[in-house]
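Comments concern the structure below.
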Amino acid sequence: MTIDLTDTTTSAIDRALTEARRRLGGMALGMVLTLIVVTDEEGQYDAIRAANQAATEHPCRILTVITRRPKADSRLDAEIRVGEASPGETIVLRMYGTLGQHADSVAAPLLVPDVPVVTWWPESAPEVPAANPLGALAQRRVTDSAAAEVPDLVLANLARAYQPGDTDFAWTRATPWRSLLAATLDQAHPQLESGEVQAEQDNPTADLIAAWLGLRLALPVTRTVSSGPGVTGVTFTTSDGDITVSRHDGRTATLTWPGRPDRMVALHRRDTAELLAEELRRLDPDEVYAETLACLAAPDCPPAEPLRLDDV
Amino acid sequence: MTMPNAGTRGPAPANPGVIASADEPANPLRDPRDRRIPRVAGPCVMVMFGVTGDLARKKLMPALYDLANRGLLPPGFSLVGFARRDWEHQDFAQVTYESVKEHARTPFRDTVWQQLSEGVRFVPGEFDDDSAFDRLAETVHQLDRERGTGGNYAFYLSIPPRFFPVVVQQLKRSGLSDPGPPDPETGRTSWRRVVIEKPFGHDLESAKELNAIVDAVFPAHSVFRIDHYLGKETVQNILALRFANTLYEPIWNRGYVDHVQITMSEDIGIGGRAGYYDGIGAARDVIQNHLLQLLALTAMEEPVSFDADSLRQEKEKILSAVRLPADLAAGTARGQYAAGWQGGRQVGGYLEEDAIPPDSRTETYAAVRLSVDTRRWAGVPFYLRTGKRLTRRMTEIALLFQRAPHLPFAATDTKELGKNALVIRIQPDEGVTVRFGSKVPGSAMEVRDVNMDFAYGESFTESSPEAYERLILDVLIGDPPLFPRQEEVELSWRILDPIEHFWSENTKPEQYPAGSQGPASADAMMARDGRAWRRL
C-alpha cells in the first residue's frame, strides 16, 4: 500500500509505518539495513527500482531523499510504500526549502534500529562523501563516478576524499573483469612483461582495472581508448606472445592464449540493481579499492615490486 | 569453508585465493582481503553418467548453467554426457537446453547458453562397451586440445550404484582415471575427481564394498559424496548460528536442552521411485544420510577450523558417540502410508502403488530415539523422524529447552506456556524461530508461547545459490568440507544396521492414513518419555 503524507514530520511517518506494518501483519521485521538514496525527481524512478530489486536479496528500508525548490518554505512530504515491490519498506522523502540542507535530521530518526546504514548517490557524488551529512550517518557510502560529466576528475576527487567505507560503482563494475583476470592468471603462465586495458574514452572502471593490475603485478599497464561498449579488453604482453581477454559485444569475452585454442566465457555488463546488490553484500571497508584508488591518483604508481601479501 | 554472512543474506561470500595450493606460486591478483572476487573453478571437463535421469535434468544441468551465468565456470568448461541413447552432440545439447530453460534459477541469457553449449558433447554407449569408453576418452582428450581444459576431469556418477563397478573399471581401463605424470613445463599434475550420490550402500557391508570399488581406482581425497542437504544455506547456517554467536552456545547442552527433534517429512508418496524405494525404506533413504548429518552438525563440538579435516573429525566423533535405545521396540517406530486424503486429494496407500508387492514390509515412516554419549549431551534424547505422505513437507531441527525450574506465577497463568524452543527450519521457508513465553496483553497476567522469527530464504530465492550449484562448484574447485567422508558413511550405517535388523525380524510397519502425522506407535514412543512430537 502507499501512504501519502504532506507537510509532515518524522514521528508522523513513524506512526504511519507502524500502522501499516500492523495492518499488513508483522512483515518487514527482518530488514538487514537502511539504504539512503540521494537523488532527484528525474533519477528517483530508476534508483528506487534498482534499490527494490537489490532489496529482494538484502531486505531493507529504502529512504529516498529528494530536495526540491531550495527557496520555498521548509516542508517535508513523504510517500510510504510497503508490501509492494520489495520485501522491505520504501519511503520517498521530498524536502523543500532550507530543510533540504538538514536532510540528516529527517533521515536519522527513520533509520532501522541496530542495522547498518548505506548511503547511495546514484548520480552526482558529493565532494567528500564521508563529510556529507547523509554520508556521515552511514558506514558504507556508494557513489558512481561514471555518472559524472568528467569521471576522471570525480575519481581523483574521491581518491583525495577517501575514508574507509567509501566505494564507487566504477569499482563494482570491475568485479567480473577482475575475477576473470584472476582466474586467467591462476593458470601457469609465461612471465608477464606489460599490460594494456582498452575501453571507451570516459571509463573510470578501465582506469581502476589498469591501476589494480599495475599495483598487483608491478607492471607498466597502459590505458588505451576503443569504441566500447564499456571495457573491451585486457592484454598482457609475455615472452611467448599476447594473452588477451577481449569483449566487444558487452556480453561474451574471448580468452586468447598463445598456442592454445580461443576460449569463450560469459562476461555481461550488469545493471544497477546487480551492482547495488554486490555493494550491499559486504559492508566493511574495501581495502583493495582504497589501495587501487590511491594508486590511480599517485604519480609514482605502479610500484617497481609486486605487492606481496605479507607486506600488507 | 565459507560461511553465509547472516548480516547481509547474500550468497555465501566468496572465499578468494583458495585455488592455489601451497606448492604453486601465489597469484598476485588474489588477495584474501579482496572479497569481491569469487572462487572460480580452473579449466576442466565434467563427464556425466546418467544424463537422462531426473536429477541430471532438473538439478545438475541447470546448476551448471547458473554457475556459468554467475561467471563461476572457467573459460572453456566442457560437459560430456554419456548414456545409452542414440544421440548426436546436438541432441544432447537440445536436452540440456530444455532442462536449463525450464529449471535454471538465474535468468536465461542466450550468450551464456551459447558459450556453454559450445562445450557440450555426447557419447552414446553401454557401460560394458569398451569401444564406447574409448570414444569417451577420445572425446575428452579432444576437448583438452580444442578448448584448453587442461586434462582435468570430474566424473559425475548420477547412476544406480549397481553400475559403479563397471563404470569405474571402464574409466580405469580407458585410462581416463589416470591423471598421468606432471606437466614437464609447469610441474603441475592434472586432477581427477569422482562425484557419487546417495545411496552409499544399503548397509555397512554394501557401503564398504561400494567404497572398495571406487577406492580401487580413485584415491579417497578425490571422491566427493554428495549429500545435497549439506549444500543448503540454512544447513551451513547451523555452523554460523552455533559458532559465530555467543548467545546460543552456553545453552547448547544438557543443562538447558530437554530434547532435540529432527524431522524431515514429505507430503508426496514414492511416485515413480518404486523400483528403488521398495526394500530400502524411509530409514535408509533419509535417516542414514540427511538426518544423521543434521544430528552431527547440531551436536558436534566446535571444530578448530572450518577446513575439511577438522569439520569431518568433529562430525565423526559425534556419530561414533551415538547410541541406540536399549529396547528397540520401545525406542523406534515405523509405518506405511495407507489410502487417505492428503492436501485435499484422495491418494492411494503404499501397497497400492504401482510395482509394489502387496505384502511389502518396507516402511515409509521411521522414527528413532537416539542418545549421544558425551558430556554435553548425556541424557538428552535426539528424536529423528521421517516419512512420506504426511501432513506437509517440512524439514527442521528443533531444540526444546527445559521448563524454567521455578515459575513465580500462579499455575493458571502459565497453563498455556510450553517449552522454549529454538527451531532451525531447513525447508521450505528457511530460517530460525525462537519460541518463548510472553505476556498476553490485558489486565490479567497470562503467559503464552510466541514466535520470534528470522526468515532466511523466502524472498531471496533468486540470489541464494541452489544446493547443487554450491556443491558442484566445490567439486570443481576441490574444496571438500561439505562432502561426507567414507568414515561418516560407515558410522551412520553402524547406527542404522541394528535397527534395520530388528525391524526385519520383529515388526511389520503400522499403517497410517495418508495426510496424517504418522503412525500411532510413533506418538506412543514419545508419550512413553512424557514428550510429544512437534506438529508437522
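In what follows, every chain begins at residue 1, and chains take the letters A, B, ... in the order their sequences are listed. Just so it is clear, the model here is predicted, and its values are computed rather than measured.
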When rounded to the nearest 0.5 Å, the distance separating CG of L217(A) from CG of L29(B) is 4.5 Å
Taking every heavy atom of S179(A) against every heavy atom of I37(B), the minimum-distance pair comes out as CA-CG2, 3.8 Å
CG (L181(A)) and CZ (R30(B)) are apart, to the nearest 0.5 Å, by 10.5 Å
| So do the side chains of P75(B) and D262(A) get within less than 4.5 Å of each other, counting heavy atoms only? | no
Per side chain to side chain contact (heavy atoms under 4.5 Å, CB included), R36(B) is matched among R281(A), R282(A), E279(A) by E279(A)
Okay, R109(B) and chain A: the region with an atom under 4.5 Å from a heavy atom over there is side chain
Between P261(A) and R147(B) the two heavy atoms that sit nearest each other are CG-N, 3.6 Å
Review point. Between D31(B) (side chain) and V288(A) (backbone), is there a donor-acceptor pair under 3.5 Å?
Key: no
Rounding to 0.5 Å, atoms CD (E146(B)) and CZ (R260(A)) come to a distance of 15.5 Å
Does a salt bridge link R35(B) with D284(A), judged by any charged N lying under 4.0 Å from a carboxylate O? no
- Near R251(A) CZ, under 6.0 Å, is it more than 12 heavy atoms from other residues, nucleotides or ligands? no
So, the part of L72(B) with a heavy atom under 4.5 Å from chain A: the answer is neither
Is the shortest distance from a Lys or Arg side-chain nitrogen in R263(A) or E118(B) to a carboxylate oxygen in the other one below 4.0 Å? no
When the 4.5 angstrom heavy-atom criterion is applied to T254(A) and chain B, the contacting part is neither
Output for pair (N27(B) CG, L185(A) CG), nearest 0.5 Å, gives 5.5 Å
### Message
If the threshold is 4.0 Å, N to carboxylate O, is there a salt bridge linking R178(A) and D34(B)?
### Response
yes
